[in-house]
Amino acid sequence: MMDNLKQQARSFIEQCYHELGKSPEAIASRWIAIEEEIVKTGSYTHTSEELTHGAKMAWRNANKCIGRLFWDSLSVIDARDHFTCEQVHQTLVEHIRFATNDGKIKPTITIFAPRKEGEVPVTLYNHQLIRYAGYQTEKGVIGDPHSLHFTAYCESLGWKGVGTEFDLLPLVIATAQEAPQWFELAPDIVKEVRIRHAKYPGMKDLNLKWYAVPAIADMLLEIGGIEYPAAPFNGWYMGTEIGARNLADEARYNKLAAVADAAGIERGSNASLWKDEALVILNQAVLQSFQEDGVSIVDHHTAAHQFKQFQKNECQTGRPVTGDWTWLIPPVSPATTHIFHEDYDNTIVSPNFHYK
Ligand code: HEM
Ligand SMILES: N/C(=N/c1cccc(CO[C@@H]2CCNC2)c1)c1cccs1
């Protein structure tokens, strides 16, 4: 066990310090200090520099991520000394404000204290920092069906939603000393975009909207053998995530028929490809609406071009690119991107993000 941590720590420090242009002497003396700390305490503590670069490396190694070109520009917030629910709540609100940046979204990660001797200092129960509730009613589901379970859990803690299709879920936080507590997100810190289409005025009457900042809160960040179970991270959306999945899937908001009707598209036969027409219209609407409101978003063609540039950069730097083809291809027109026509090595390298 100890030796495994030593090996993970050693290979991390070697690669991290090499990338940061540090001297062999610096690497050697840092390694001696780490080895001593592991022998004495069974673990070791990252410097701010190691934490920052390690988090960037984890993004660079995220096989399912098409957005990795910008890995080195990640903003890293070190919150390893925040241990109460109230402190964590304030830090998460600050993360959302900083990352939203009035629409010019900054990819950001906040890193809370690592697991130590099996104890978890901070636990976040949300899948994403910002997400809509889902309610089971006799007339079917209202809101996001993906949130049914978590919404019920929030209600069991005493939270009460209004009952609209787009109720913001509360933050649910627990610490080693405190049981789970819920915190309502003030509506003014959550930027949202109303979905409309320049060519189809009927679209706005569907009253569709989506939040600006996707922020994953339920993954574990591993760096050099140290596990950070609470490390919420955000980027900006690729339009298809909202237009081809969140609002389109039958098991999500299931809006394609409504979009087709609003756009005056006959829903006669499958062969009319009415679903495909509605899908393109909805994805155009998402991109137009975000862009008009000055909120960062990327279309899947541009995202694929950026990923191609990422592959070139990594090749230039002599680092192998790993990737998960099944996730890297976009859900709309995948074969129009280079990704579809390439193979990717899905090896998991460290540092990285993991499901818990
Ligand atoms: C900056 C803009 C970014 C874009 C456009 C982007 C795009 C995406 C997309 C489209 C996915 C697939 C999601 C899905 O199909 O549900 C994804 C997955 C992922 N991204 Fe990125 N990403 C960005 C930034 C980031 C950042 C900042 C991080 C972490 C620091 C990150 C880490 C990941 C990880 C770990 C996954 C896989 C999630 C899972 O396994 O469920 N991405 N990204
Ligand atoms: N644009 C994004 N999209 C996602 C990135 C990672 C995960 C997800 C959501 O994944 C869910 C679990 C599997 N599909 C939906 C979405 C980002 C979120 C945080 C940083 S960038």
Side-chain angles (χ1 to χ4, degrees), residues 51-77 92 95-96 98-101 103-111 124 126-132 144-147 149-150 193 210-223 228 230-249 251-253 283 286-287 290 295-307 309-310 322-332 334 337 339 344 346 348-356:
L51 190 75
T52 296
H53 195 68
K56 293 178 177 182
M57 292 166 81
W59 181 11
R60 196 181 71 207
N61 291 332
N63 287 356
K64 297 172 177 174
C65 182
I66 194 173
R68 290 181 273 170
L69 176 60
F70 307 106
W71 66 271
D72 201 8
S73 62
L74 182 67
S75 293
V76 181
I77 298 169
L92 294 178
H95 178 128
I96 293 169
F98 174 82
T100 303
N101 189 33
K104 191 154 182 34
I105 294 171
K106 294 177 186 167
T108 307
I109 186 169
T110 293
I111 304 174
L124 305 179
N126 303 64
H127 164 59
Q128 294 187 30
L129 296 183
I130 300 165
R131 227 184 182 205
Y132 298 123
D144 192 341
H146 264 206
S147 298
H149 180 74
F150 182 61
V193 176
W210 205 257
Y211 52 90
V213 182
I216 298 302
D218 59 1
M219 292 188 83
L220 178 147
L221 166 62
E222 179 271 323
I223 301 173
Y228 296 92
F233 59 86
N234 78 277
W236 52 77
Y237 266 116
M238 180 161 81
T240 52
E241 297 180 78
I242 302 166
R245 302 303 311 276
N246 301 345
L247 294 178
D249 284 1
R252 297 295 297 284
Y253 280 77
N283 278 275
V286 167
L287 291 168
F290 269 64
V295 177
S296 305
I297 195 164
V298 65
D299 67 84
H300 49 295
H301 304 290
T302 303
H305 290 150
Q306 292 167 342
F307 186 66
Q309 187 57 53
F310 169 69
T322 55
D324 181 339
W325 186 91
T326 66
W327 276 61
L328 287 170
I329 55 167
V332 175
T337 72
I339 299 168
Y344 293 89
N346 197 20
I348 313 295
V349 297
S350 172
N352 217 316
F353 292 96
H354 300 273
Y355 295 137
K356 282 186 244 182

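Since this is a predicted model, take the numbers as computed values, not measurements. For ligands, and for the atoms within them, numbers begin at 1 and follow the listed sequence.
- Taking distance alone, with nitrogen or oxygen atoms compared against 3.5 Å, Tyr355 approaches ligand 1 more closely than that limit.
- Heavy atoms of Trp236 found under 4.0 angstrom from ligand 1 belong to the backbone as well as the side chain.
- A donor atom on one side chain and an acceptor atom on the other are found under 3.5 Å apart for Asp324 and Thr326.
- Annotation: His354, atom NE2; neighbour count of heavy atoms from other residues, nucleotides and ligands within 6.0 Å is above 12.
- Not a single donor-acceptor pair under 3.5 Å links the side chain of Ser75 to the backbone N or O of Ile109.
- Within the protein, the N, O or S atoms lying under 2.8 Å from atom 21 (Fe) of ligand 1 are Cys65 SG.
- Under a 3.5 Å cut-off, the side chain of Asp249 and the backbone N or O of Ala251 do not form any donor-acceptor pair.
- Less than 4.0 angstrom separates atom 15 (C) of ligand 2 from none of the non-hydrogen atoms of the protein.
- The minimum heavy-atom distance between Arg131 and His146, with the atom names listed, is NH2-ND1, 3.6 Å.
- Residue contacts with ligand 2: Trp327 is included, with a non-hydrogen atom under 4.0 Å away.
- No part of Phe70 comes within 4.0 Å of ligand 1, judged by heavy-atom distances.
- Of all protein heavy atoms, the one lying nearest to atom 21 (S) of ligand 2 is Gly235 N, 3.5 Å.
- In this structure, the protein non-hydrogen atom closest to atom 5 (C) of ligand 2 is Ile216 CG1, 4.2 Å.
- Checked against the 6.0 Å centroid threshold, Trp59 and Phe70 do not count as a close aromatic pair.
- Ala99 and Asn234 make their closest contact through CB-OD1, 3.2 Å (heavy atoms, listed as atom of the first residue, atom of the second, distance).
- Under a 3.5 Å cut-off, the side chain of Trp325 and the backbone N or O of Ile339 do form a donor-acceptor pair.
- Scanning the protein for heavy atoms near atom 14 (C) of ligand 1, the closest one is Trp327 CZ3, 3.6 Å.
- The distance from atom CD1 of Ile77 to atom OG1 of Thr52, rounded to the nearest 0.5 Å, is 10.5 Å.
- The part of Asn234 lying near ligand 1 is the backbone, judged by heavy-atom distances below 4.0 Å.
- Heavy-atom contacts from other residues, nucleotides or ligands closer than 6.0 Å to NZ of Lys356 number more than 12.
- In this structure, Tyr237 and Tyr211 have tilted ring planes: the angle between them lies in the 30° to 60° band.
- Within a 6.0 Å sphere centred on NE2 of His127, heavy atoms belonging to other residues, nucleotides or ligands number more than 12.
- With a 4.0 Å cut-off on non-hydrogen atoms, Phe233 touches ligand 2 through its backbone as well as its side chain.
- Set against the non-hydrogen atoms of Trp236, the atoms of ligand 2 under 4.0 Å away are 1 (N).
- In terms of protein heavy-atom proximity, atom 4 (C) of ligand 2 is closest to Glu241 OE1, 3.4 Å.
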